[in-house]
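A short worksheet on the structure shown next.
Just so you know, ligand 1 is whichever comes first in the structure, and atom 1 is the first atom listed for that ligand.
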Amino acid sequence: MTTRIIGTGSYVPEHIVTNDDLSKIVETSDDWIRSRSGIGERRIATDDRTSDMAAAAAARAIEQAGISPEEIDLILLATSSPDYCFPNGACEVQEKTGAVNAACYDISAACTGFVFALNTAHAFIRAGIYKTALVIGADVLSKLIDWTDRSTCVLFGDGAGAVVVRADETGVLGLNMHSNGQKGNVLTCGARSNGNFLLGKKPELGYMTMEGQEVFKFAVKKVPECIIQVLEETGTDKDDIDYYVIHQANYRIIESIAKRMKVSMDRFPANMEHYGNTSGASVPLLLDELNRSGKLKRGDKIILAGFGAGLTWGAALIEW
Ligand code: ACO
């Protein structure tokens, strides 16, 4: 018994911010951003909160799966930007979707969060504990960005993607998850002060910091490694993979991964041009786009792979 994706959904806020818009607030240009990252524009949440976007994506996935919300046993929300410390965002999604029978919690693994959450749902399903789960990646990173820092603010956008998974004969064929806390300092975001206000420490708001080149080197080394690991463990040839759905941080990272793996870029779909890096949302957002455009056929083999802060990275091989 394994875990099959039976419905996908996504949601992005309406408000579009182009590279030219950003060049009015920091010293940058459309040419610099496009050539270094492949990003042309991003969606920025004005009114939507993380849980609103997550619930909208989830509702579309539930509708496509053709199930009733009451059938969902588990909701996992991968996010680094929940609306509250508590209640968790998954509980908010439960409230908005009517999935009254689900156990709900969030998973924090930054841009790898969706892959980690899918793995967690798979573990419950494989163990026979749950039958149906809703797995969501959603982030409003625009809340966590220092909009005066041109080295980070041009890269990110807001959005959500979701899948409904169910116990089935085929689906997830293999997956892995990895972490390296020793390198956590290369990509950080302090949420609130670590000091205790009672003891006279001033609360501080933290924003994202990133050593871009370190993250780049990490991604182009570790992502091919974890993909090859899952291919080897399942006895699958890299050329039998129909699509490599990789976290959409940077087009040059995807090109390097394809080159290292000696796989044509045709197998690496990309949408960061329109959405930027949507963190936990990026993998399910792209998967939903492929699914709704009719590109996925029953039996297709798809790699899902993420990498991000922690550091964390991981890959899943699924049969559609
Ligand atoms: N516009 C114009 N110039 C800029 C900008 C900008 N937005 N940002 C930086 N620069 C300047 C720098 O100040 C530097 O100028 P200097 O040479 O005068 O000092 C110059 O451009 C080159 O800067 P680098 O950082 O060396 O540029 P690089 O080629 O490494 O590209 C980038 C930067 C795009 C961030 C790249 O390192 C990268 O993609 N790294 C991976 C980042 C990533 O993927 N992060 C997210 C993954 S994890 C997650 O998703 C949370």
Side-chain angles (χ1 to χ4, degrees), residues 17-42 50 78-81 107-116 137-159 161 178-181 183-191 206-224 226 245-257 268 270-273 275-286 304-315:
V17 174
T18 64
N19 292 343
D20 285 334
D21 293 332
L22 289 182
S23 71
K24 292 178 191 128
I25 61 165
V26 287
E27 205 180 319
T28 191
S29 64
D30 179 56
D31 182 51
W32 193 97
I33 301 169
R34 273 183 198 274
S35 62
R36 302 287 171 125
S37 70
I39 297 165
E41 60 190 29
R42 69 286 294 140
T50 299
T79 187
S80 309
S81 48
I107 288 194
S108 168
C111 308
T112 324
F114 178 79
V115 173
F116 277 29
D139 269 305
V140 187
L141 282 201
S142 62
K143 285 194 304 200
L144 309 181
I145 288 166
D146 175 355
W147 287 97
T148 64
D149 174 10
R150 67 177 182 174
S151 70
T152 53
C153 76
V154 301
L155 301 174
F156 297 92
D158 302 332
H178 300 278
S179 305
N180 179 7
K183 281 279 192 181
N185 60 314
V186 304
L187 188 49
T188 70
C189 180
Y207 291 100
M208 181 186 301
T209 66
M210 179 176 76
E211 292 178 34
Q213 290 183 4
E214 285 297 313
V215 176
F216 199 103
K217 281 188 270 178
F218 146 71
V220 299
K221 181 164 189 291
K222 292 299 182 186
V223 175
C226 70
V245 177
I246 311 291
H247 169 48
Q248 301 287 294
N250 182 316
Y251 197 70
R252 287 192 300 146
I253 290 179
I254 309 252
E255 281 178 327
S256 297
I257 293 168
F268 285 78
N271 65 3
M272 81 280 283
E273 185 183 1
Y275 303 120
N277 176 348
T278 56
S279 193
S282 93
V283 167
L285 187 60
L286 180 56
L304 308 177
F307 59 92
L311 296 171
T312 53
W313 65 104

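Residue contact check for ligand 1: Met208 places no non-hydrogen atom closer than 4.0 Å to it. By the 4.0 Å heavy-atom criterion, Ile33 is excluded from the residues contacting ligand 1. Look at Ser279 and you'll find every heavy atom at least 4.0 Å from all atoms of ligand 1.
In Trp32, the part holding a heavy atom less than 4.0 Å from any atom of ligand 1 is the side chain. Of all the heavy atoms of Asn250, the ones lying under 4.0 Å from any atom of ligand 1 belong exclusively to the side chain. For Val26, no heavy-atom contact with ligand 1 is shorter than 4.0 Å. Only the side chain of Leu187 comes within 4.0 Å of ligand 1, judged by heavy-atom distances.
For atom 26 (O) of ligand 1, the candidate residues are Gln213, Arg150, Arg36; the nearest heavy-atom contact is made by Gln213. Nearest-residue assignment for atom 41 (C) of ligand 1 (options Ser282, Gly212, Ser80; heavy-atom criterion): Gly212.
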- After noting the C-alpha distance and the side-chain angles of Thr312 and Ser179, does the key distance pass the side-chain hydrogen bond (donor to acceptor under 3.5 Å, both in side chains) rule? CA-CA 4 Å; Thr312 53; Ser179 305; 6.0 Å; no

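Other residues, nucleotides and ligands place more than 12 heavy atoms under 6.0 Å from the NZ atom of Lys143.
The nearest protein heavy atom to atom 2 (C) of ligand 1 is closer than 4.0 Å. At least one protein heavy atom sits closer than 4.0 Å to atom 10 (N) of ligand 1. For atom 19 (O) of ligand 1, the nearest protein heavy atom is 4.0 Å or more away. Not a single protein heavy atom sits closer than 4.0 Å to atom 14 (C) of ligand 1.
With hydrogens and angles ignored, the 3.5 Å screen pairs no side-chain donor or acceptor of Asp158 with any backbone N or O of Thr278. Listed for the Thr28 side chain is no donor-acceptor partner under 3.5 Å among the backbone atoms of Ser23. Under a 3.5 Å cut-off, the side chain of Asp139 and the backbone N or O of Ser80 do form a donor-acceptor pair.
Close contacts between ligand 1 and Val154 involve ligand atoms 7 (N) [criterion: under 4.0 Å to a heavy atom]. Residue His247 has at least one heavy-atom neighbour below 4.0 Å for each of these atoms of ligand 1: 49 (C), 50 (O). Taking every non-hydrogen atom of Glu27 and a distance limit under 4.0 Å, the qualifying atoms of ligand 1 come out as 1 (N), 2 (C). Every atom of ligand 1 with a heavy atom of Gly308 under 4.0 Å away is listed here by number and element: 48 (S). Proximity to Cys111 (heavy-atom distance under 4.0 Å) selects the following atoms of ligand 1: 48 (S), 49 (C), 50 (O), 51 (C).
The ring of Trp313 has its center closer than 6.0 angstrom to the ring center of Phe218.
In this structure, the side chains of Asn250 and Phe216 come closer than 4.5 Å at one or more pairs of heavy atoms.
Rounding to the nearest 0.5 Å gives a distance of 11.5 Å between OH of Tyr251 and CG of Asn271. Expressed to the nearest 0.5 Å, how far CZ of Arg42 lies from CG of Asn19 amounts to 4.5 Å.
Thr148 and Asp146 share a side-chain donor-acceptor pair at under 3.5 Å.
Atom 43 (C) of ligand 1 has Val215 CG1, 3.8 Å as its closest protein atom, hydrogens excluded (heavy atom only).
Using a cut-off of 4.0 Å between Lys/Arg side-chain N and Asp/Glu carboxylate O, Glu255 and Arg252 are scored as not salt-bridged.
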